[in-house]
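All heavy atoms count here, side chains included; hydrogens, waters and symmetry mates do not. Naming convention: chains lettered A, B, ... in sequence-line order (proteins, then strands); numbering from 1 in each chain.
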Number of protein chains: 2
Amino acid sequence: MGLRERKKRETRQRIADVAMGLFAARGFDDVTVAEVARAADVSVNTVFNYFPAKEDLFLDRRDWAEGRPEEVVRQREPGESVVRAFRRDVLDAIATRSWRYGFNEGSDVFTGMVRESPTLLARVREFHVEREEALAAALARESGAGGDDVTPRVVAAQILGATRALSDYAVRRMLAGEAWSSIEPALKEQTERAFDLLEHGLGG
Amino acid sequence: MGLRERKKRETRQRIADVAMGLFAARGFDDVTVAEVARAADVSVNTVFNYFPAKEDLFLDRRDWAEGRPEEVVRQREPGESVVRAFRRDVLDAIATRSWRYGFNEGSDVFTGMVRESPTLLARVREFHVEREEALAAALARESGAGGDDVTPRVVAAQILGATRALSDYAVRRMLAGEAWSSIEPALKEQTERAFDLLEHGLGG
DNA sequence: CACAAACTTAGAGTCACTGCAATTTTGGTA
DNA sequence: TACCAAAATTGCAGTGACTCTAAGTTTGTG
C-alpha cells in the first residue's frame, strides 16, 4: 500500500473519529459539517469527498456490511429451516452480546442518538429496507421461487420484523437503565416466543 | 364557519393543488418551494406555514388517516382472529380497488413518483413505521399484553409486512403495464398464500 | 370605529450539498 | 534529481429547504 492510500485512509478515519466525538458531545443535529471539517483540519469539500452525506459520518455505510441476513441463510446447517437458522443466530447474538442485532452495550446510546435525529432515523430505516430486500432476494434464490411470488418478501419481512422488535425490546430496557444480566433471560424468552410465532403461525 | 376559516382552507387547498400539478409535470425534486409559492400566489413563508415540509405538499399528512390498521382490529367480527380480519380486509380492498393498500389505479404513478425521490421515500417509510406502531399499540390493548411483551410488535410487523409485500407486488405489475383484470386473480392468490403463511407459520 | 388577534409578508440568515477552477501533493519516469 | 500527469485538496460561488424576526395586512369583536 503506497503513501497515497495510507494517507487517504488516515484522513478518512480522522474525519470520522473527530465527527463522532463532536456528535457524542453535542448531538448530531447540533454539529455542522463545517465544524467537523475545521476540527479535522480539512476543508468542507474534503469531508463530502469521503462521506456522501452528513449521516454517513455517523452511520458509516461500511460498518453495515457485517451481520448480513443473507449470510445466515447461506451458512445455515444442512436440513435446517431458515427460521430456525435465524432463531439460532439471534440467540447466539444475545449470548455473545453481538453487535449485529443491537445487543451491544453501547447500542442504547447509539439508538438514543439516532432517535434524536430525523435524518439518522431515516437512514437507519433505509438500511432496514436494504437488508429486507437482500434477504428476500436470497430467499428467492434459495427456494427457486420465480419473480412472481410474494413469499420471499413476506418471509423476509416477517423475520426481520421479529428481529427488529427484539432489538427494540432490548434497547428499551437498556435505556431504562437495566443491567444486561437482568435483561438477558427475558430477552431469550421473548426471542423464543417471537420465533415460535414465526414458525407456528398466529392462529389465535 | 367564518370568512377567516374558509379563506385558510381555500389557500391551503390551492397551494396543495398547484404543487401537485407542478410535481406531476416535472417531478418532485425538480420543483422548488419558491416556484410553488409563486404559482399559488403566496409567499414562501405561507407555504411553510401550512405545510411543515416540502414533502407534505405531496403526501399530505391528513390523507393518511384513512384505512388505519387499528380500525381493522377494532371493527372485526366477533370471534374473528386479527389475522383473519386483515385477510378479509385486504381481499375486500382488492375487490373494491380501494386506496388503502395501494390497490388503486393511480397508485402506480404515485409509487413511481415516490420512488424517484429519496425524500418522499423516507417520508413513506415513516408512515409505515407509524402505522406499525399504531397497530402494535392496538394489539397490545386488545390482548391485554403488558408493556413487557414483544408479541404485539412482532405480530404488527408480520401483518403489515405482508400487506406491504402485496402492495409492492400489485404496483410492480401495474408498472409493468399489465391491466388490472390480469393482475387481480394472481393478487388474490398471493394474498391467500401470504396470509396462510401468517396463520400457519413458516415451518418449511 | 377601534382594537386585538390572526394571517401574511419581506428580508436576512443557517446549513447541507454541488459545481468549478485553481492549487497542492504524490508516484513514476527521464 | 528534476519533471510530469494524475489524484487529492481547496476556495469560492452558488442553490434550495427551512427558520426567525419584525413589520405589515386582514379579520372578528365590542
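- Looking at B:L57 and B:V47, their side chains come closer than 4.5 Å, going by heavy atoms from C-beta outward.
- Remark: aromatic rings of A:F58 and A:F110 are close, center separation under 6.0 Å.
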Every protein N/O within reach of nucleotides 28-30 of chain D N/O, cut-off under 3.5 Å:
from	atom 1	to	atom 2	distance (Å)
D:dG28	OP1	B:L3	N	2.8
D:dG28	OP1	B:R4	N	2.7

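- Picking from D:dT10, C:dT26, D:dT27 the nucleotide with the shortest atom distance to the side chain of B:K7 gives D:dT27.
- Across all strands, A:Y50 comes closer than 4.0 Å only to sugar-phosphate atoms, never to a base (heavy-atom distances).
- Contacts classified as salt bridge (charged side-chain N to carboxylate O under 4.0 Å, His left out) and involving residues 154-182 of chain A (residues at least two apart or in different chains) are given here: A:E132-A:R164, A:D168-B:R153, A:R173-A:E178, A:R173-B:D148.
- Near-neighbour residues of DNA chain C inside residues 11-19 of chain B, defined by a heavy atom below 4.0 Å, are absent.
- Summarising the geometry, the separation between NZ on B:K8 and C1' on C:dA6 is reported as 8 Å, rounded to the nearest angstrom.
- The stretch residues 120-129 of chain A has no heavy atom under 4.0 Å from DNA chain D, so no residue of it qualifies as close.
- In this structure, a donor-acceptor pair under 3.5 Å is present between the side chains of A:D149 and A:T151.
- Remark: B:E192 CD to B:L187 CG distance equals 10.5 Å, nearest 0.5 Å.
- For D:dT9, the OP1/OP2 oxygens have no side-chain nitrogen or oxygen of A:S43 closer than 4.0 Å.
- Applying the ring pair (Phe, Tyr, Trp, His ring centres under 6.0 Å) criterion to A:F103, with sequence neighbours excluded, gives no partner residue.
- Under the 4.5 Å side-chain criterion, counting only non-hydrogen atoms from C-beta, B:R68 is not in contact with B:R131.
- Phosphate proximity of C:dC7 to B:N49: absent, as no side-chain N or O sits under 4.0 Å from OP1 or OP2.
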| message | Protein within reach of the bases, or only the backbone? For nucleotides 11-22 of chain C, mark each nucleotide 5' to 3' as B, S or -, using heavy atoms under 4.0 Å. | response | B---SSB-BB--

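- In this structure, A:K54 is positioned above the aromatic face of A:F28, its NZ or CZ under 6.0 Å from the six-membered ring centre and within 45° of the axis.
- Ring geometry for A:W64 against A:W99 counts as perpendicular: the plane angle is over 60°, on a 0 to 90° scale with 30° as the lower cut.
- As rounded to whole Å, 15 Å separates atom C1' of C:dT25 from atom CD of A:E10.
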